[in-house]
Amino acid sequence: MMTTSHNPILLIISTSLFIFSLLFTHSHAATFDIRNNCPFTVWAAAVPGGGRRLDRGQTWTINVAAGTRGARIWARTNCNFDGSGRGRCQTGDCNGLLNCQAYGQPPNTLAEYALNQFNNLDFFDISLVDGFNVPMEFSPTSGGCRGIRCTADINGQCPNVLRAPGGCNNPCTVFKTDQYCCNSGNCQPTDYSRFFKQRCPDAYSYPKDDATSTFTCPGGANYRVVFCP
């Protein structure tokens, strides 16, 4: 049997394909610039990506591989971490770690995305399905695509039953029923979901809010996430 280690032509072809694969992956990786414009410190979190303290005006840049899906970026507030990166946040905490390996705890405003999916499109959204803690902008910085924002004073206007320290819970977090959590996949808008939708029309207000809340951009675009835009 002929192997690449003994056949120069096959070795060249194999090496070329490997290099092309690396170049293709690199050229289609997306850059996310995460900026804190809030008048207070936030601890930015990203899966994939980890976590970073951001004082007012600071930016953190992450590079995300092509094909990534199920990804999230969010802000954590009122955090305290020790020198080993362990501690706790009032909102958005991810198992007590500065460098997040898992999603955060509600309430937290979410930037969600999946890269290079159907027809090589990126899909992105702002979701309030885990509630709200800070205003957010999520915008492509290339590709000619529109950005989305959720900048209402949801914390200040939050219904009493949904209020939480540092944020406003989504009703699923509070009531844990199928009506609000859509575990059966058959749920409809509710008065509570309309509270979020009226204030942030571009954002997910409940799990089946796809039609008005999912946005696309050609694969290969780069993005900006701004807390308190």
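All values derive from a computational prediction rather than experimental measurement. Atoms considered below: every heavy atom in the structure, side chains included; atoms not considered: hydrogens, waters and symmetry mates.
Asp82 contributes a side-chain N or O that, together with a main-chain N or O of Arg86, makes up a donor-acceptor pair within less than 3.5 Å. Looking at Ser213, its side chain never comes within 3.5 Å of a backbone N or O of Asp210 through a donor-acceptor pair.
Minimum heavy-atom separation, Gly96 to Asp93: N-OD2, 3.0 Å. Contact between Thr151 and Cys200 at its shortest, heavy atoms only, is N-SG, 4.0 Å. Nearest heavy atom pair, residue Val134 against residue Ala75, reads CG2-CB, 3.6 Å. The nearest pair of heavy atoms linking Ala44 to Arg76 is O-NH2, 3.1 Å. Minimum heavy-atom separation, Gln90 to Gly166: OE1-CA, 3.5 Å. The two atoms that bring Cys181 and Pro207 nearest to each other are O-CG, 3.8 Å, heavy atoms only.
Every side chain to side chain contact (heavy atoms under 4.5 Å, CB included) that Pro48 has, sequence neighbours left out, goes to Val64, Thr68, Ala71, Tyr113. For Asn95, the side chain to side chain contact (heavy atoms under 4.5 Å, CB included) criterion is met by Ala102, not counting sequence neighbours. Evaluation of the salt bridge (Lys or Arg N to Asp or Glu O under 4.0 Å) rule for Asp202 yields Arg146 as partners, not counting sequence neighbours. Remark: Arg56 engages no residue in a salt bridge (Lys or Arg N to Asp or Glu O under 4.0 Å) (not counting sequence neighbours).
A 4.5 Å side-chain heavy-atom check between Cys150 and Leu128 finds at least one atom pair inside the cut-off. Side-chain contact between Pro229 and Pro135 is present, with at least one heavy-atom pair separated by less than 4.5 Å. Side-chain contact between Thr41 and Arg53 is present, with at least one heavy-atom pair separated by less than 4.5 Å.
Within the model, atoms CD of Gln157 and CG of Asp153 stand 5.0 Å from one another, a figure rounded to the nearest 0.5 Å. With values rounded to the nearest 0.5 angstrom, Arg88 atom CZ is found 13.5 Å from Asn78 atom CG. Within the model, atoms CZ of Phe195 and CD1 of Ile154 stand 5.5 Å from one another, a figure rounded to the nearest 0.5 Å. Atom CG in Asp125 sits 12.0 Å away from atom OG1 in Thr216 (nearest 0.5 Å).
Remark: Cys158 SG to Cys168 SG, distance under 2.5 Å. Distance check for Cys228 and Cys38: the SG atoms are under the 2.5 Å cut-off. Cys100 pairs with Cys94 as a disulfide, the SG atoms being under 2.5 Å apart.
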Could you walk me through whether Cys89 and Cys79 pass disulfide (SG to SG under 2.5 Å), step by step? CA-CA 4 Å; Cys89 299; Cys79 302; 2.0 Å; yes
Show your reasoning for whether side-chain contact (heavy atoms from CB on, under 4.5 Å) applies to Leu121 and Gln117. CA-CA 5 Å; Leu121 291 173; Gln117 301 299 303; 5.9 Å; no
Run Asn36 and Asp55 through side-chain contact (heavy atoms from CB on, under 4.5 Å) and show every step you take. CA-CA 7 Å; Asn36 177 28; Asp55 295 325; 5.6 Å; no
Under the side-chain contact (heavy atoms from CB on, under 4.5 Å) criterion, do Ile62 and Ile34 qualify, and how do the steps go? CA-CA 8 Å; Ile62 61 174; Ile34 305 165; 4.1 Å; yes
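Comment: Arg224 does not engage Asp33 in a salt bridge, judged by the lack of any side-chain N to carboxylate O separation of less than 4.0 angstrom. A salt bridge between Asp209 and Lys197 is present, with a side-chain N of the basic residue lying under 4.0 Å from a carboxylate O of the acidic one.
Here Phe81 is tied into one hydrophobic group with Trp43, Leu98, each link being a pair of ILVMFWY side chains closer than 4.5 Å. Trp74 forms part of a hydrophobic cluster together with Val47, Tyr103, Leu110, judged by ILVMFWY side-chain heavy-atom separations under 4.5 Å.
In summary, of the residues considered (Ile126, Thr109, Asn108, Leu162), a side-chain contact (heavy atoms from CB on, under 4.5 Å) with Phe132 occurs for Thr109 alone. Screening Cys145, Ser142, Pro140 for a side-chain contact (heavy atoms from CB on, under 4.5 Å) involving Pro218 leaves a single residue, Cys145.
A donor atom on one side chain and an acceptor atom on the other are not found under 3.5 Å apart for Gln179 and Thr177. Of the N and O atoms on the side chains of Asn222 and Thr141, not one donor lies less than 3.5 Å from an acceptor on the other residue.
For residues 96-111, no residue pair satisfies the salt bridge (Lys or Arg N to Asp or Glu O under 4.0 Å) rule, not counting sequence neighbours. For residues 167-192, every residue pair satisfying the salt bridge (Lys or Arg N to Asp or Glu O under 4.0 Å) rule, not counting sequence neighbours, is listed here: Asp191-Arg194. Residue pairs meeting the ring-ring contact (aromatic ring centres under 6.0 Å, His included) criterion with at least one partner in residues 150-175, sequence neighbours excluded, are Phe175-Tyr180, Phe175-Tyr192. Applying the salt bridge (Lys or Arg N to Asp or Glu O under 4.0 Å) test to every pair with at least one member in residues 106-122, sequence neighbours left out, gives these pairs: Arg72-Glu112. For residues 162-171, the side-chain hydrogen bond (donor to acceptor under 3.5 Å, both in side chains) pairs, not counting sequence neighbours, are Asn160-Arg163. Listed by first and then second residue, the ring-ring contact (aromatic ring centres under 6.0 Å, His included) pairs involving residues 200-229 are Phe32-Tyr223, Phe124-Tyr223, Phe138-Tyr223 (not counting sequence neighbours).
Following chains of ILVMFWY side-chain contacts shorter than 4.5 Å, one can reach Phe40 starting from Met136, so the two form part of one hydrophobic cluster. Cluster membership for Leu54 and Val225, using ILVMFWY side-chain heavy atoms within less than 4.5 angstrom, is shared. In this structure, Val129 is not a member of the same hydrophobic cluster as Val174, with clusters built from ILVMFWY side-chain heavy atoms closer than 4.5 Å.
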